[in-house]
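Everything on this sheet refers to the single structure shown next.
Below, all heavy atoms of this structure are taken into account, side chains as well, without hydrogens, waters or symmetry copies. Proteins get letters first, then strands, A, B, ... in listed order; numbering begins at 1 in each.
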Number of protein chains: 2
Amino acid sequence: MGKVLAMPFEGSIENLAATTAPQDVSLEDAATFDVLRKMREDILCCVLKPDQKLRFGELRQRYGTSVGTLREALSHLVSEGLARTEAGRGFQVAPISLADFLDLSELRVYLETRTLADAIRHGTDAWEAEIVSSYFLLNKLAPPRQDDPVSVKREWGKRHKRFHDSLVATCRSPWSLHFRSELFDQARRYHWLTMIHARSRRRNEHLDLRDAVLARNVDLACGLIEKHIRTTVQQAASEVPGLTLDMAKRKKA
Amino acid sequence: MGKVLAMPFEGSIENLAATTAPQDVSLEDAATFDVLRKMREDILCCVLKPDQKLRFGELRQRYGTSVGTLREALSHLVSEGLARTEAGRGFQVAPISLADFLDLSELRVYLETRTLADAIRHGTDAWEAEIVSSYFLLNKLAPPRQDDPVSVKREWGKRHKRFHDSLVATCRSPWSLHFRSELFDQARRYHWLTMIHARSRRRNEHLDLRDAVLARNVDLACGLIEKHIRTTVQQAASEVPGLTLDMAKRKKA
DNA sequence: TGTAAACGGATTTTCGAAACTTTTATAAAT
DNA sequence: ATTTATAAAAGTTTCGAAAATCCGTTTACA
């Protein structure tokens with residue numbers, strides 16, 4: 001505006017938008033993002049298994065696209081922590097371990113409670129409506145079991161995520177929401193295994209959560225979600241075969 | 001081991017590595033990652049300015065590489081929150097705003113203190129040595145001023161990051177470290193502007209921090225880093241021209 | 001028999017051009 | 001003068017093939 005002393009970049013500093021947190025790529029509609037979405041879903045549902053090698057030949061056939069496009073999608077998955085790559089030897093699905101699940105769950109407790117508390121304090125009518133609606137849709141589908149077809153599993157996963165997203169939607173911290181979402185997706189992979197092997201059935205924690213949130217009871221809601229997360233970890237540790245703590249070293253070169 | 005009831009993926013669940021948190025792409029050495037590293041550095045140092053349109057033609061010339069490679073690198077930057085894209089209309093550098101800086105700084109306070117506290121509690125001799133060494137290197141260079149050549153600015157930025165990374169290196173939570181690192185980079189863009197426009201000079205906070213950490217004084221060290229972050233935000237808000245709170249709406253279609 | 005070099009197939013990485021979309025410019029019509 | 005239509009230009013997205021790299025196997029040599 002007025003004469004500003006010489007700037008590192010002239011004028012452009014005034015062209016500022018409000019939010020900088022990473023884009024939610026799921027909202028894009030180009031072909032590249034289609035592939036990305038599909039691959040992400042396949043990893044989260046363990047259709048593509050942990051540690052599995054991702055060869056371009058197979059992927060090209062599976063997703064019907066070119067190498068370049070695949071590469072871009074894989075590149076995205078790497079920065080989300082769902083895949084890994086080593087220069088010259090391609091990509092593979094990110095590994096899983098109990099240690100990892102414990103680590104990410106601890107951080108999740110903080111981010112979920114932080115975003116939920118803020119969301120409740122700034123909730124609107126539209127926010128409440130979306131919670132009611134997304135809970136209704138989630139509740140209509142029974143939690144999937146091992147032998148359900150993949151399409152059912154995917155649909156439940158989608159509704160489950162939508163419900164949890166709706167709870168925190170009015171949180172005003174884009175960065176917190178972004179990291180929360182990333183960790184939520186990570187947890188889905190473990191959640192998945194847990195549900196499939198679960199011996200014990202859990203009561204409807206989503207209903208309790210919904211009511212606590214709609215009642216604007218911050219402490220209760222945060223307590224519920226914290227317990228929800230911690231319980232899942234413990235259940236996974238005790239009921240998922242093969243998921244133990246000391247599984248670090250394997251195949252050394 | 002023993003017969004496990006039919007698994008969602010057979011056998012592979014046992015092939016588990018310890019860590020799943022996203023890879024630090026900076027460690028790769030392929031050509032793609034070279035370009036990514038350079039572009040990231042250019043954005044962080046505001047050589048590529050906020051909101052600037054990133055046209056493939058120019059970039060190809062600047063970094064001497066092909067469209068496909070660029071696309072992959074840009075894709076990465078988008079998921080790191082350093083660039084944005086809209087299907088069909090290319091990429092641009094992520095915008096900045098005071099609101100964003102405030103938001104990410106709040107989260108940074110939590111992640112920096114969390115990782116630092118854990119790192120101090122599990123520090124080793126090698127950890128202390130690296131802190132001493134990286135501080136020495138940082139201290140040798142005076143903080144850059146506006147008219148310093150870009151190479152000097154870059155070198156200082158590199159040493160600054162190395163010092164802060166060294167402090168938290170022994171933290172055992174890969175996910176916390178990962179998010180901390182991402183936010184640290186984000187903050188660098190604002191830190192940059194602040195340093196350049198700074199009217200007031202600040203005392204050597206890095207030295208205090210180093211000593212508190214080496215003395216294994218968790219509370220003091222965390223307090224220092226918290227103040228360090230908060231002070232920078234306030235300084236930016238008051239001394240960087242054009243960086244005000246209500247700058248959201250601009251150019252509407 | 002053991003080690004190292006060399007070969008061949010499989011796979012990844014890089015590239016530039018073709019296809020497509022958005023933007024800009026120009027002209028006609030209201 | 002403003003809008004609508006049309007055409008050219010600029011820029012982005014997608015693709016498949018060429019170049020480079022990796023990995024397992026064979027061959028050569030001590």
Side-chain angles (χ1 to χ4, degrees), chain A residues 12 15 17 23-40 43 48-49 51-79 82-94 250-253, chain B residues 12 15 23-40 42-43 48-49 51-79 82-94 250-253:
Chain A
S12 68
N15 294 336
Q23 291 180 282
D24 189 355
V25 184
S26 310
L27 298 177
E28 294 284 345
D29 59 344
T32 302
F33 297 111
D34 243 43
V35 178
L36 174 57
R37 247 196 311 274
K38 282 181 196 158
M39 285 190 61
R40 176 162 40 209
I43 291 179
L48 297 174
K49 306 159 192 172
D51 283 315
Q52 180 179 336
K53 189 110 216 309
L54 297 169
R55 283 184 216 80
F56 284 100
E58 301 171 17
L59 295 180
R60 220 159 69 73
Q61 202 168 357
R62 192 181 222 285
Y63 298 103
T65 186
S66 73
V67 187
T69 305
L70 275 172
R71 197 154 228 289
E72 196 181 325
L74 284 167
S75 173
H76 246 290
L77 291 171
V78 168
S79 30
L82 292 172
R84 347 218 73 200
T85 178
E86 216 171 327
R89 55 193 63 169
F91 296 79
Q92 56 188 98
V93 178
R250 176 85 37 148
K251 66 188 83 153
K252 282 282 78 164
Chain B
S12 68
N15 294 334
Q23 291 179 283
D24 189 357
V25 183
S26 311
L27 298 177
E28 294 284 344
D29 60 342
T32 302
F33 297 112
D34 242 44
V35 179
L36 174 58
R37 247 195 311 273
K38 281 180 195 158
M39 286 190 60
R40 177 162 37 209
D42 285 342
I43 291 178
L48 297 174
K49 306 159 192 172
D51 283 315
Q52 180 178 337
K53 189 109 218 311
L54 297 169
R55 283 184 217 81
F56 285 99
E58 301 171 18
L59 294 180
R60 220 160 68 71
Q61 202 169 357
R62 191 182 223 285
Y63 299 102
T65 186
S66 73
V67 188
T69 305
L70 275 173
R71 196 153 228 291
E72 197 180 324
L74 284 167
S75 173
H76 247 290
L77 291 172
V78 168
S79 30
L82 292 171
R84 348 218 74 202
T85 178
E86 215 171 327
R89 54 191 63 168
F91 296 79
Q92 57 189 94
V93 178
R250 178 84 37 146
K251 71 187 81 155
K252 282 283 78 164

Set of salt bridge (charged side-chain N to carboxylate O under 4.0 Å, His left out) partners for A:Arg60, sequence neighbours left out: none
From A:Leu48 atom CG to A:Leu82 atom CG, the distance as rounded to the nearest 0.5 Å: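 Reported to 0.5 Å precision, the distance equals 10.5 Å.
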pair [X]-[Y]: side-chain heavy atoms closer than 4.5 Å:
X       : Y       : result
B:Val35 : B:Glu72 : no
A:Leu54 : A:Leu74 : yes
B:Thr65 : B:Asp34 : no
B:Ile43 : B:Leu77 : yes
A:Arg71 : B:Thr32 : yes

Protein-to-nucleotide contact annotation, 5' to 3' order, nucleotides 6-13 of chain C [B base; S sugar-phosphate only; - none; under 4.0 Å, heavy atom]: -----SSB
Nucleotide interval of DNA chain D bounded by contacts with chain A (heavy-atom cut-off, under 4.0 Å): D:dT14 to D:dC23
